[in-house]
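Everything below concerns the one structure shown next.
Order of the sequence lines fixes the chain letters, A, B, ..., with proteins taken first and strands second; residue numbering starts at 1 for each chain.
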There are 2 protein chains.
Amino acid sequence: MPAASDCIKMLDSETKAVETPEDHAEELRLWLRLLTCTTLIEGEVRGRLRQRFDVTLPRFDLMAQLDKAPDGMTLSDVSKRMMVSNGNVTGLVERLVESGHLDRRTSETDRRVQVIRLTKLGRAEFRRMAAEHETWIAALFADLTPKDVRELMRLLAKTKASAQKSAARRRP
Amino acid sequence: MPAASDCIKMLDSETKAVETPEDHAEELRLWLRLLTCTTLIEGEVRGRLRQRFDVTLPRFDLMAQLDKAPDGMTLSDVSKRMMVSNGNVTGLVERLVESGHLDRRTSETDRRVQVIRLTKLGRAEFRRMAAEHETWIAALFADLTPKDVRELMRLLAKTKASAQKSAARRRP
DNA sequence: CAAAATTGCTTTAAGCCTAAAATGATTTCC
DNA sequence: GGAAATCATTTTAGGCTTAAAGCAATTTTG
């Protein structure tokens, strides 16, 4: 019985627009599971950063971006990389400059642009946190074999590409 | 050269505590990719919910939980399911009761407990949104084959279990 | 039974986040 | 050269989020 109805559905979808709504329950379940995994790990990391270093996850993330860019980044760059809104970055940077972790200066060539860098203090603190952070992540993924990790990387790359394509179709 | 140092490292890790910090760059990259995928999809869903239905993602998520529980849930249940703080749920529920989507009543048997349900309006609106939501998710995952989906489900289940185990070790 | 602990929820303070509008600087294009 | 468009950032308004403290109601325990 299920096999038969499947066949009919497939035939329909190969010929013409299907009236019966397609079943996408599997994709939905996949999305919820993906979200659960991320929320779980993110919450754990957030809590540990607060406990151990009294720092928030967004601040850590921002410093991580800057650590990879010794020559600094513009706010727009950061915003794109972190996939958050522009206004969000403004506030985060404000607080991190205030606390002495970031250095912010206006570009010489374009007075619209702000370039931000880690200060010596900021870099030192970030490195200290990052080292520990890496062990937390390793522990959280500890039960995955190297093969699992590779396979997940591959499938998530495919997922990212698929999602980007779909998102781009609406925002060209 | 890299092979030799790998051997040394492996020997070390099989015999005694290693002085040299282990390399967990792969797990770190995996985590970042997982986070990217989730952020990407979540942002897309958030934007569409706002555009099409003028509703926020947290509200939609809360209604989704209640739609699966016709007899209602307590705030604690919701909080656990959604993996958010208690105080967060209080505010969300307040606004959804206000807008007529939720019904909230104090339990007969335990006056600490609040039971919330979808109203007729809430359920109708949610169903309408959920139907469309499902097609968005399907589109975002469209390039994955059924086999990819199955494999991702499996690996994410393993990831979730691993993360839960690791998280539980620190919060028993 | 009454003190102590737990449970369910709310409040508070601080910060995060978005979308949209506003501001100011730079380019583009007649 | 100057109007128009674009770009980088900030501001605004509203909502989300957390951790921690607080308040009742209930359960546990001596």
Lys/Arg N to Asp/Glu carboxylate O, [X] vs [Y], below 4.0 Å:
X	Y	answer
B/E44	B/R48	yes
B/D143	A/K158	no
B/E151	B/R154	yes
A/R46	A/E42	yes
B/D148	B/R150	no

Can you tell me the distance, in whole Å, between the [atom1] atom of [X] and the [atom2] atom of [N]?
X	N	atom1	atom2	value
A/I116	D/dT9	CD1	P	9 Å
A/R48	D/dA19	CZ	P	14 Å
B/E94	D/dC16	CD	C1'	13 Å
B/M73	C/dC9	CE	C1'	15 Å
A/E42	D/dC16	CD	C1'	14 Å
A/D54	D/dA19	CG	P	12 Å
A/L49	D/dT18	CG	C1'	14 Å
B/L62	D/dC16	CG	P	10 Å

Would you say [X] reaches [N]'s phosphate, i.e. side-chain N/O to OP1/OP2 under 4.0 Å?
X	N	value
A/R59	C/dC16	yes
B/T56	C/dT18	no
B/R104	C/dT10	yes

### Query
For B/S76, which contact category applies under a 4.0 Å heavy-atom criterion: base, sugar-phosphate, or nothing?
sugar-phosphate
### Task
For A/S79, answer base if it contacts any base atom (sugar-phosphate contacts may also be present), sugar-phosphate if it contacts only those atoms, and nothing otherwise; contact means non-hydrogen atoms under 4.0 Å.
nothing
### Message
Tell me every residue that passes side chain to side chain donor-acceptor pair (under 3.5 Å) with B/E125, counting only those two or more places apart in sequence or in another chain.
### Response
B/H101
### Message
Of the listed nucleotides (C/dT10, D/dT17, D/dT9), which one gets closest to any side-chain atom of B/L92?
### Response
D/dT17
### Query
Nearest to the side chain of B/R95 - C/dT10, D/dC16, C/dT18?
D/dC16
### Task
Measure the spacing between CG of A/D67 and CZ of A/R123 and express it to the nearest 0.5 Å.
5.0 Å
Within the sub-3.5 Å range, which N or O atoms of nucleotides 19-29 of chain C have a protein N or O partner, and how far apart are they?
unit_1: C/dT26; atom_1: OP1; unit_2: A/R111; atom_2: N; d: 2.8

Just distance, no hydrogens or angles: give the donor-acceptor pairs under 3.5 Å from side chains in residues 110-118 of chain A, sequence neighbours left out.
unit_1: A/D110; atom_1: OD1; unit_2: A/R112; atom_2: N; d: 3.0
unit_1: A/D110; atom_1: OD1; unit_2: A/R112; atom_2: NE; d: 3.1
unit_1: A/D110; atom_1: OD2; unit_2: A/R112; atom_2: NE; d: 3.4
unit_1: A/D110; atom_1: OD2; unit_2: A/R112; atom_2: NH2; d: 2.8
unit_1: A/R117; atom_1: NH2; unit_2: A/D71; atom_2: O; d: 3.3

Could I get a table of every N or O pair under 3.5 Å where one atom is in the protein and the other is in nucleotides 3-5 of chain C?
none

### Message
Quick one about B/S107 and B/T109 (side-chain donor to acceptor, distance below 3.5 Å, no hydrogens or angles considered), yes or no?
### Response
yes
### Message
What I want to check is whether the side chains of B/T74 and B/D77 have a donor and an acceptor closer together than 3.5 Å.
### Response
yes
Scan the side chains in residues 58-66 of chain B for donor-acceptor partners under 3.5 Å anywhere in the protein, sequence neighbours excluded, and list what turns up.
unit_1: B/R59; atom_1: NE; unit_2: B/T56; atom_2: OG1; d: 3.4
unit_1: B/Q65; atom_1: OE1; unit_2: B/R81; atom_2: NH1; d: 3.3

### Task
Check the surroundings of atom CZ in A/R29: do more than 12 heavy atoms from other residues, nucleotides or ligands lie under 6.0 Å from it?
no
#### Entry: Estimated bend of the helix from C/dC1-D/dG30 to C/dC30-D/dG1 (axis per five terminal pairs, rounded to 10 degrees)
20°
